[in-house]
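Step one of this worksheet: look at the structure below.
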There are 2 protein chains.
Amino acid sequence: MGAGSDGTVTVLARGEGLAAWRQIADGLSADIEAGRLAAGSQLPTEAALAARFGVNRHTVRRALAALAERGLVRATQGRGTFVETPRLAYPIGRRTRFSEIVSKAGREAWGDLLGAAAVPADAATAEALAIAPGSAMLELQTIHRADDTPLSTARTCLPLPRFDGFDRAYAALGSLTRAYAEFGIADYTRLSTRIGARPAAADEAARLDLAPGRVLIVLTSVNVDAAGVPIQATRSLFAADRVELVVEG
Amino acid sequence: MGAGSDGTVTVLARGEGLAAWRQIADGLSADIEAGRLAAGSQLPTEAALAARFGVNRHTVRRALAALAERGLVRATQGRGTFVETPRLAYPIGRRTRFSEIVSKAGREAWGDLLGAAAVPADAATAEALAIAPGSAMLELQTIHRADDTPLSTARTCLPLPRFDGFDRAYAALGSLTRAYAEFGIADYTRLSTRIGARPAAADEAARLDLAPGRVLIVLTSVNVDAAGVPIQATRSLFAADRVELVVEG
DNA sequence: GCCTATTTGTTCGTATGTATC
DNA sequence: CGATACATACGAACAAATAGG
């Protein structure tokens, strides 16, 4: 659609059943996907875009709203509208390691422990972990970032006599894989995975630095050790704007 | 936890470190999972629950918020709070057949053809199908229901000289598997799968009989025939309120 | 169309117990 | 020990959406 910062007016097809805002959105979206508008860069102001396309600023706003809904751009009052970084491809399968995935994408990974507590197991988690309902388990709240951008937050439950002190190991090492190594578990695999999606609650949005109501991908999974014994039940919440799951064949 | 519509007060354990709202949430959640509160049925009003448990309405609201966050109930202002129907578990893996999945869940499956057209392949789809960009492909718009409730809508692209007339076969048979059989393809497998999520646009919401802005799971996949040749590239949009994807091990 | 009753959603204020510094 | 912060719980009132007449 061209850079068009030289005062030229990009002509739209008017009166042919294609709404102006949709043409503008499609054009900008193509610019983003083709890399003509770089990730992280600032879009021209709404006023500038309105001038370029010869439309009212309201029409530009409608187009930008459509892009924001698709997660392509993010607008901040007083600052401007910026191109979102492309979604990180997050492979899920029998062997998934957050730290490996992110570093392979050339970003730095870190998991922060938000909180940990010993709690009685609810029915669903108890069944997943193959323990008696009500028996003790360790519940961890974590958040996972790539280059300081939060990608996901998770609630992880581990059976308790076995993993007493796991929270301290995790807090120090910042990675499940490394914390498991401290407990003598060199390898573990994913037993089951379920995927859903829903809007973020206010507190979840705050944790992930998202606008409230933005979409979360909910990934519920159970991991087992080499002997097939369940060692963790996790519910991860991914910011759908920043992550795309890839199922390994 | 008992039906308790007879004016009796269900006693909670107070002052023992277990928050009242959590006890209420756990009790209702158990009632739902045990079927004592049927899917689709209306919960007692907040005021009634507050009376039953002998707590303030705020405490009940806190418990209901926890259930809503887990997707167990949905509250609508002015109507009431209702038990959500469980989401259909939709397995994805190398061999996924919509018709088989739904009938196994005891529901009747049907796919309707909304439209079909021969179009030149865009760059992304051409790469997925391993054909030259711009060469002809058949684009199908379909919608998939279980017991008349729309679960997903899909855009499926097939390479064209090979699958000329596929749209008529699909319209008559209502199933990809059966239509492929007409073209001599007895077996096919999934090559790649990517999963994202975003709010539904107005037209997508209308097709799926959803409120606009409700969440969609976007599943992009490529299927290959027994020889490993790509035979279809599909982008499916699932109503996240009605479906949960299950990754097969 | 209007009106009313019902029900959830939101926002004040107040008080109490429980950690933590 | 006090001071502080936080979660929990209660009370009252009003706003907003829905359903039925």
Side-chain angles (χ1 to χ4, degrees), chain A residues 112-120 122 136-143 153 155 157 160 164-165 167-168 170-172 198-208 210-214 216 237, chain B residues 1 3-32 37-85 199-200 202 205-206 209-215 241:
Chain A
D112 281 326
L113 187 63
L114 297 181
V119 297
D122 58 283
M137 64 180 187
L138 184 63
E139 182 180 298
L140 306 177
Q141 277 286 345
T142 54
I143 187 163
T153 179
R155 164 188 179 266
C157 296
L160 234 207
D164 196 32
D167 48 336
R168 287 184 293 278
Y170 182 83
R198 60 173 174 77
D203 58 327
E204 298 163 340
R207 275 210 298 277
L208 290 170
L210 282 174
R214 299 268 6 150
L216 299 180
L237 305 176
Chain B
M1 183 145 269
S5 53
D6 53 358
T8 58
V9 173
T10 305
V11 181
L12 302 176
R14 304 305 282 263
E16 303 188 18
L18 252 170
W21 68 264
R22 195 174 285 277
Q23 296 179 58
I24 296 171
D26 287 349
L28 292 175
S29 144
D31 284 350
I32 290 170
L37 287 168
S41 69
Q42 183 172 7
L43 290 179
T45 66
E46 293 172 351
L49 288 171
R52 154 135 52 113
F53 292 108
V55 298
N56 189 272
R57 197 178 135 226
H58 283 305
T59 310
V60 169
R61 285 183 59 76
R62 177 100 196 247
L64 292 177
L67 296 184
E69 179 153 338
R70 284 198 276 154
L72 285 174
V73 304
R74 177 175 42 184
T76 310
Q77 190 174 155
R79 291 214 312 141
T81 306
F82 298 84
V83 180
E84 287 273 34
T85 58
D209 191 22
L210 281 175
R214 298 277 359 164
V215 178
D241 289 341

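Residue numbers start from 1 in every chain, and the chains themselves are labelled A, B, ... in the order their sequence lines are given, proteins ahead of strands.
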Could you measure the distance from the OG1 atom of A:Thr142 to the OH atom of A:Tyr170? Nearest 0.5 Å is fine.
4.5 Å
Give me the atom names and distance for the closest heavy-atom approach of A:Leu208 to A:Leu237.
CD1-O, 4.0 Å
Do the side-chain N or O atoms of B:Arg62 get closer than 4.0 angstrom to the phosphate oxygens (OP1, OP2) of D:dT8?
yes
Partners meeting salt bridge (charged side-chain N to carboxylate O under 4.0 Å, His left out) with B:Arg62 (sequence neighbours left out)
none
Tell me: CG of B:Leu49 to P of D:dC10, nearest whole Å?
14 Å
Where along nucleotides 6-16 of chain C does protein come under 4.0 Å, by heavy atom, of base (B) or sugar-phosphate alone (S), with - for untouched nucleotides?
BBBBBB-----
Nearest non-hydrogen partners of B:Ala63 and B:Trp21, listed with the distance
CB-O, 3.3 Å
For the backbone of B:Thr81 and the side chain of B:Glu46, can you confirm whether one donor and one acceptor N or O come within less than 3.5 Å of each other?
no
